[in-house]
Peer 1: 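Sharing a structure with you now.
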Amino acid sequence: MSEIQIVRSHAGEREERTVTTGTKAWELFAEDADVVAARLVDASGAVLKDLSYELVDGDVVEAVVIDSADGHDILRHSCAHVLAQAVQDLFPEAKLGIGPPIENGFYYDFDVPTPFVPEDLDKIETRMRKIIKENQRFSRRVTTDEDALVELADEPYKIELIGLKGSAADAAEGASAEVGAGELTIYDNVGRSGEVAWKDLCRGPHLPTTKRIPAFKLMRSAAAYWRGDEKNKQLQRIYGTAWESKEALDAYLDRIAEAEKRDHRKLGRDLDLFSFPDEIGSGLPVFHPRGGVIKRVMEDYVRQRHIEEGFEYVGTPHISKEQTFHLSGHLPYYADGMFPPMEFEGANYYLKAMNCPMHNLIFRSRGRSYRELPLRLFEFGHVYRYEKSGVIHGLTRVRGFAQDDSHSYVTPEQAPSEIKHLLAFILGLLRDFGLDDFYLELSTRDDSKPDKFVGSDEDWATATTVLEQACRETGLDLVPDPGGAAFYGPKVSIQAKDAIGRTWQMSTIQYDFNQPKGFDLTYQASDGTRQQPVMIHSAKFGSIERFIGVLVEHYAGAFPPWLAPVQVQAIPVADAFSEYLHDVARRMKTQGLRVEVDDSDDRMQKKIRNAQLQKVPFMLIAGADDVEAGAVSFRYRDGRQENGIPVDEAIARVAAAVAAREQV
RNA sequence: GCCGCGUUAGCUCAGUGGUAGAGCGUCCGCCUUGUAAGCGGAAUGUCGAGAGUUCGACUCUCUCACGCGGCUCCA
């Protein structure tokens, strides 16, 4: 037995050690039960290893603790294995798909004759607990393609993955968890008496044993296409989550519960903002008076800001003959997303899915001079898109919506500064609505699918470069999104984080050299020649409906006063003070404030409760003391109160909060 | 579009092969002076729609609509 030199690194402390050959990684971290794997670091990067990894001379070994990002992935991946074992115990005919860790959890796909029902998940979870209790060891075994094909003959999906080895990243999202470009490995789950209870083709690494799973829960089952392709068979996917402690699991479940409380579909009903009448059809919302206030205030403000930023407000119809959409490229490239045509008077009319064709027609309604550029057209254009029935979701995915759509027609030289101008405008606007944490996403063409995109390689390259450069200058993070471009050009989207850290795609900016060609748009340049403008599409909220949905969730229904449907709820301590408050309310209304007096025959306490549930920003309460002093008392949504505020001051205070668009 | 699960009063939800209930809300009456539910009474449903099985369907079967969770998609 000889000695080797290694470096052990844990919790930021590095130390060189001399150990004997045959020493396993776990021996370096035996005193810390939170260490679940080892990270081997060398000049070329880092690679994760099981704790059973046998050290070699010169290894630099870092501890991977369970509550780190890698630790979570390993925990969840191992938990997915336990899930698969439990499923195959209970449903022996189940064939294995893939089972990777995902954000906040894991899943495993199975081909089963009968889809899982909720009761099945309970049974599977019980079985998983038994497996965890058995403390099975995850045991890594190197194999060859030939041996694996024989050993896994009963697992057709695994066989398919072995065939795809080396291109696993293309095989399916998550498939790289099963096979990689290197050697092929199988993990055996070994019971206490040494028997192999279960096995799976897998790269690893894994926890040392099943008992190292501290807390997990199965969440739901759903269908998923094999390898993510809708042409393939649907497998049954079971989602679960796993955490380093019961407390962490509970905290995660609490976060989900908080998100549910904010669900705009629920709050929309509770606060009487909007609804989705079955009679109208799926994905077609109606706004009630209170939701209508939010919508109108938003639209008024956005319209005003556009005009301040040099846009001209235009208006266009909802339908058009098909020729328009041929020119724009929508029918050749996007017909599936449009509603079928209405045929009359010998022509096909389509509901518009985009406003740009109409704006192009405004542009070319007369000759244009370079002196007019940038020409910026803007409207709230109602567009209709045929969204597949399964994707419709509240206000965030609908079939009919108002797009705050603008098109800037510019010379190619003006494009970079116009894009910068739009980015600054958009970020400012989103901040006005209380969103202030952003990153950018650059969606580019998928070169492997040229038929999905129109235009020359050179034009795409130019457009992409211009957009990317403008993004870099904002200093915001820029995330690539290959293949996500529109058919007519690359796109930048602004992603905003909401109050509980979820990101939403908001605005988009697109650089389009194709539609000006299609519509033969020209302007006369200073040298007298005719030139083609570039058009830059931008939508600040994307969809007004969707943005309202996002705001409802961001604010959890507790809107800042300038957006709140009711800004002030006046509550008399007793009937006798109603008239006094009506008087105050009249004065507030002359200043444009939205105020209601609750003169129902509920008791004051009940009225406060009602106003609280409606999330009204200012409660204005008055009793004998206030009347005598010519004052009112405030109560805020957080229960805070301020008594004896003179009426004039109270009105000024509310008006100031509204004018400043601040939250209270 | 695909897979699964749902749809009972305005809302949240019980319930049974023999045509239905609670709480909140609504309406009426009484009461009501200080910061999250005063008391009493009443009304409210083609049990999502249609077809089938059955002596009988809200309950079982099928089709459709709508919703929910995913998948695919999202110019």
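Within every chain, numbering begins at 1; the chains are lettered A, B, ... in the order of the sequence lines, protein sequences first and strands thereafter.
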Peer 1: Nearest-Å distance, CD (A/Gln614) to P (B/A37)?
Peer 2: 16 Å

Peer 1: Between A/Phe110 and A/Tyr108, is the gap from one ring center to the other below 6.0 Å?
Peer 2: yes

Peer 1: Please report the distance, rounded to the nearest Å, between CD in A/Gln236 and P in B/G4.
Peer 2: 7 Å

Peer 1: Using atom CG of A/Leu271 as one end and atom P of B/C11 as the other, report the distance to the nearest whole Å.
Peer 2: 15 Å

Peer 1: So what does A/Tyr386 hit on the nucleic acid, given a heavy-atom distance under 4.0 Å: a base, only sugar-phosphate, or nothing?
Peer 2: sugar-phosphate

Peer 1: Is any NZ, NE, NH1 or NH2 atom of the basic residue among A/Glu553 and A/Lys261 found under 4.0 Å from an Asp or Glu carboxylate oxygen of the other?
Peer 2: no

Peer 1: Please check if the side chain of A/Asp120 supplies one atom and the backbone of A/Val117 the other of a donor-acceptor pair under 3.5 Å.
Peer 2: yes

Peer 1: Thinking salt bridges, do A/Arg376 and A/Glu418 make one under a 4.0 Å N-O criterion?
Peer 2: yes

Peer 1: Please give the distance between the C1' atoms of B/U44 and B/G10 as a whole number of Å.
Peer 2: 9 Å

Peer 1: Side chain of A/Val391: nearest nucleotide among B/U35, B/G1, B/A36?
Peer 2: B/G1

Peer 1: Under 3.5 Å, is there any donor-acceptor pair linking the side chain of A/Arg269 to the base of B/C11?
Peer 2: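 Between B/C11 and A/Arg269, which were checked side chain against base, a qualifying N/O pair under 3.5 Å is absent.
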
Peer 1: Using the C1' atoms only, state how far B/C13 lies from B/G1, rounded to an integer number of Å.
Peer 2: 33 Å

Peer 1: Does a side-chain N or O from A/Arg265 land closer than 4.0 Å to OP1 or OP2 of B/C68, or not?
Peer 2: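 So the side chain of A/Arg265 is within the cut-off, an N or O lying under 4.0 Å from OP1 or OP2 of B/C68.
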
Peer 1: Compare side-chain N and O positions of A/Arg635 against OP1 and OP2 of B/A36 and report whether any pair is under 4.0 Å apart.
Peer 2: yes

Peer 1: Please pick, from B/A37, B/G4, B/U35, the nucleotide with the shortest atom-to-atom distance to any side-chain atom of A/Ile608.
Peer 2: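 Side chain of A/Ile608 sits closest to B/U35.
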
Peer 1: With under 30° as parallel and over 60° as perpendicular, where do the rings of A/His537 and A/His407 fit, or are they tilted in between?
Peer 2: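 Rings of A/His537 and A/His407: perpendicular, as their planes differ by over 60°.
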
Peer 1: Suppose we call a contact any N or O donor and acceptor under 3.5 Å apart; does that hold for the side chain of A/Ser221 and the base of B/G69?
Peer 2: no

Peer 1: Tell me the interatomic distance from A/Asp270, atom CG, to B/C11, atom C1', rounded to whole angstroms.
Peer 2: 8 Å

Peer 1: NA contact type, A/Asp601, heavy-atom cut-off 4.0 Å: base, sugar-phosphate, or nothing?
Peer 2: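 Contact class for A/Asp601: base.
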
Peer 1: Taking only the C1' atom of each, what is the distance from B/U53 to B/U61 in whole angstrom?
Peer 2: 7 Å

Peer 1: Of the options B/G34, B/G67, B/A37, whose atoms approach the side-chain atoms of A/Ser633 most closely?
Peer 2: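 The answer is B/G34, which lies nearest to the side chain.
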
Peer 1: Is A/Arg255 close enough and on-axis enough to A/Tyr252, meaning under 6.0 Å and within 45°, for cation-pi?
Peer 2: no

Peer 1: For the C1' atoms, the ones on B/C39 and on B/U54, what distance do you get once it is rounded to whole angstrom?
Peer 2: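 About 49 Å, rounded to a whole number of Å.
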
Peer 1: Under a 4.0 Å threshold between the charged nitrogen and the carboxylate oxygen, would A/Glu160 count as salt-bridged to A/Arg227?
Peer 2: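 Salt bridge: yes.
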
Peer 1: Between A/Asp638 and A/Arg640, does any NZ, NE, NH1 or NH2 come within less than 4.0 Å of an OD or OE carboxylate oxygen?
Peer 2: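 Counted as a salt bridge, because a side-chain N and a carboxylate O are separated by less than 4.0 Å.
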
Peer 1: NA contact type, A/Ala224, heavy-atom cut-off 4.0 Å: base, sugar-phosphate, or nothing?
Peer 2: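 Sugar-phosphate contact only.
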
Peer 1: Applying a 4.0 Å non-hydrogen cut-off, can you work out what A/Arg237 is touching in the nucleic acid: base, sugar-phosphate, or nothing?
Peer 2: sugar-phosphate

Peer 1: Restricting to non-hydrogen atoms, name the atom on A/Thr316 and the atom on A/Lys352 that form the minimum distance, rounded to 0.1 Å.
Peer 2: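 The pair with the smallest heavy-atom distance is OG1-NZ, 2.6 Å.
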
Peer 1: What's A/Lys607 touching, base or sugar-phosphate or nothing? Going by heavy atoms closer than 4.0 Å.
Peer 2: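 Nothing, no heavy atom under 4.0 Å.
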
Peer 1: How would RNA chain B look in dot-bracket form, 5' to 3', counting Watson-Crick and G-U wobble pairs with both distances under 3.5 Å and writing | for bases paired to another strand?
Peer 2: ((((((((.[[[[.)..(..]]]].(((((.......))))).....[[[[[..)....]]]]])))))))....

Peer 1: Taking the nucleotide of RNA chain B with the nearest heavy atom to each, does A/Gly281 or A/Asn643 sit closer to the 5' end?
Peer 2: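 The answer here is A/Asn643.
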
Peer 1: Does A/Thr508 reach a base, just sugar-phosphate, or nothing at all? Heavy atoms under 4.0 Å.
Peer 2: nothing

Peer 1: Could you check whether A/Asp625 gets within reach of a base, just the sugar-phosphate, or nothing at all, counting any heavy atom under 4.0 Å?
Peer 2: base

Peer 1: Could you tell me the separation between the CG atom of A/Asn232 and the C1' atom of B/G1, rounded to a whole number of Å?
Peer 2: 15 Å

Peer 1: Would you indicate what A/Ala576 reaches in the nucleic acid, counting non-hydrogen atoms under 4.0 angstrom: base, sugar-phosphate, or nothing?
Peer 2: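 It contacts nothing in the nucleic acid.
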
Peer 1: Could you work out, with side chain to side chain contact (heavy atoms under 4.5 Å, CB included) as the rule, every residue matching A/Tyr386, not counting sequence neighbours?
Peer 2: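 Counting only residues at least two positions away or on another chain, A/Tyr386 forms a side chain to side chain contact (heavy atoms under 4.5 Å, CB included) with A/Phe339, A/Arg399.
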
Peer 1: Determine the interatomic distance between C1' on B/C66 and the same-named atom on B/G48; round to the nearest Å.
Peer 2: 8 Å

Peer 1: Which nucleotide sits closest to the side chain of A/Lys606: B/A37, B/C66, B/U33?
Peer 2: B/A37

Peer 1: Touch check for A/His537, heavy atoms < 4.0 angstrom, all strands: base, sugar-phosphate only, or nothing?
Peer 2: nothing

Peer 1: Taking atom P in both B/A57 and B/G18, what distance in whole Å separates the two?
Peer 2: 11 Å

Peer 1: Can you work out whether A/Arg609 or A/Val632 has the more 5'-proximal nearest nucleotide on RNA chain B?
Peer 2: A/Val632

Peer 1: Roughly how far apart, to the nearest Å, are B/C64 and B/G70 at atom C1'?
Peer 2: 23 Å

Peer 1: Between B/C5, B/G34, B/U32, which nucleotide has the shortest distance from any of its atoms to the side chain of A/Pro118?
Peer 2: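 So the side chain of A/Pro118 is nearest to B/C5.
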
Peer 1: To the nearest angstrom, how far is A/Leu613 atom CG from B/U35 atom P?
Peer 2: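 Distance, rounded to whole Å: 18 Å.
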
Peer 1: Quote, to the nearest angstrom, the P distance that separates B/A43 from B/A22.
Peer 2: 11 Å

Peer 1: Within the structure shown, what part of the strands sits under 4.0 Å from A/Gln234 by heavy-atom distance: base, sugar-phosphate, or nothing?
Peer 2: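 The answer is base, as A/Gln234 lies within the cut-off (heavy atoms under 4.0 Å) of a base atom.
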
Peer 1: Under 3.5 Å, which donor-acceptor pairs link side chains of residues 268-280 of chain A to any protein atom two or more places apart or in another chain?
Peer 2:
unit_1: A/Asp270; atom_1: OD2; unit_2: A/Lys266; atom_2: NZ; d: 3.0
unit_1: A/Asp272; atom_1: OD1; unit_2: A/His288; atom_2: ND1; d: 2.8
unit_1: A/Ser275; atom_1: OG; unit_2: A/His288; atom_2: NE2; d: 2.7

Peer 1: OP1, OP2 of B/C73 versus side-chain N and O of A/Lys231: anything below 4.0 Å?
Peer 2: no

Peer 1: Less than 3.5 Å between a donor and an acceptor, one on the side chain of A/Tyr225 and one on the base of B/G1, is that the case here?
Peer 2: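 For A/Tyr225, whose side chain was compared with the base of B/G1, there is a donor-acceptor pair (under 3.5 Å).
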
Peer 1: Hey, is the side chain of A/His393 poking within less than 4.0 Å of OP1 or OP2 on B/G70, counting only N and O atoms?
Peer 2: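 False: A/His393 side-chain N/O out of range (4.0 Å or more) of B/G70 OP1/OP2.
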
Peer 1: By the 4.0 Å heavy-atom rule, please label A/Tyr333 as base, sugar-phosphate, or nothing.
Peer 2: nothing

Peer 1: Any N or O donor-acceptor pair under 3.5 Å from the base of B/C73 to the side chain of A/Arg397?
Peer 2: yes

Peer 1: Can you measure A/Phe577 atom CZ to B/U32 atom P for me and round it to whole angstrom units?
Peer 2: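 Rounded to whole Å, this separation is 13 Å.
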
Peer 1: Using a 4.0 Å heavy-atom cut-off, does A/Asp336 contact any base of the nucleic acid, only the sugar-phosphate backbone, or nothing at all?
Peer 2: nothing

Peer 1: Would you mind telling me which of B/C73, B/C66, B/A37 lies closest to the side-chain atoms of A/Asp278?
Peer 2: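 Minimum distance to the A/Asp278 side chain belongs to B/C66.
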
Peer 1: Once you measure the plane-to-plane angle for A/Phe513 and A/Trp460, does it fall in the parallel (<30°), tilted (30-60°) or perpendicular (>60°) bin?
Peer 2: perpendicular

Peer 1: Any base atoms under 4.0 Å from A/Tyr239, or only sugar-phosphate, or nothing? Heavy atoms, all strands.
Peer 2: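 Answer is sugar-phosphate: A/Tyr239 comes under 4.0 Å of backbone atoms only.
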
Peer 1: Taking atom P of B/G34 as reference, at what distance in whole Å does atom CG of A/Asp598 sit?
Peer 2: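 Roughly 17 Å, once rounded to whole Å.
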
Peer 1: Nearest to the side chain of A/Pro115, which nucleotide is it out of B/U35, B/G4, B/G38?
Peer 2: B/G4

Peer 1: Looking for any heavy atom pair under 4.0 Å, which part of the strands does A/Asp626 touch: base, sugar-phosphate only, or nothing?
Peer 2: base

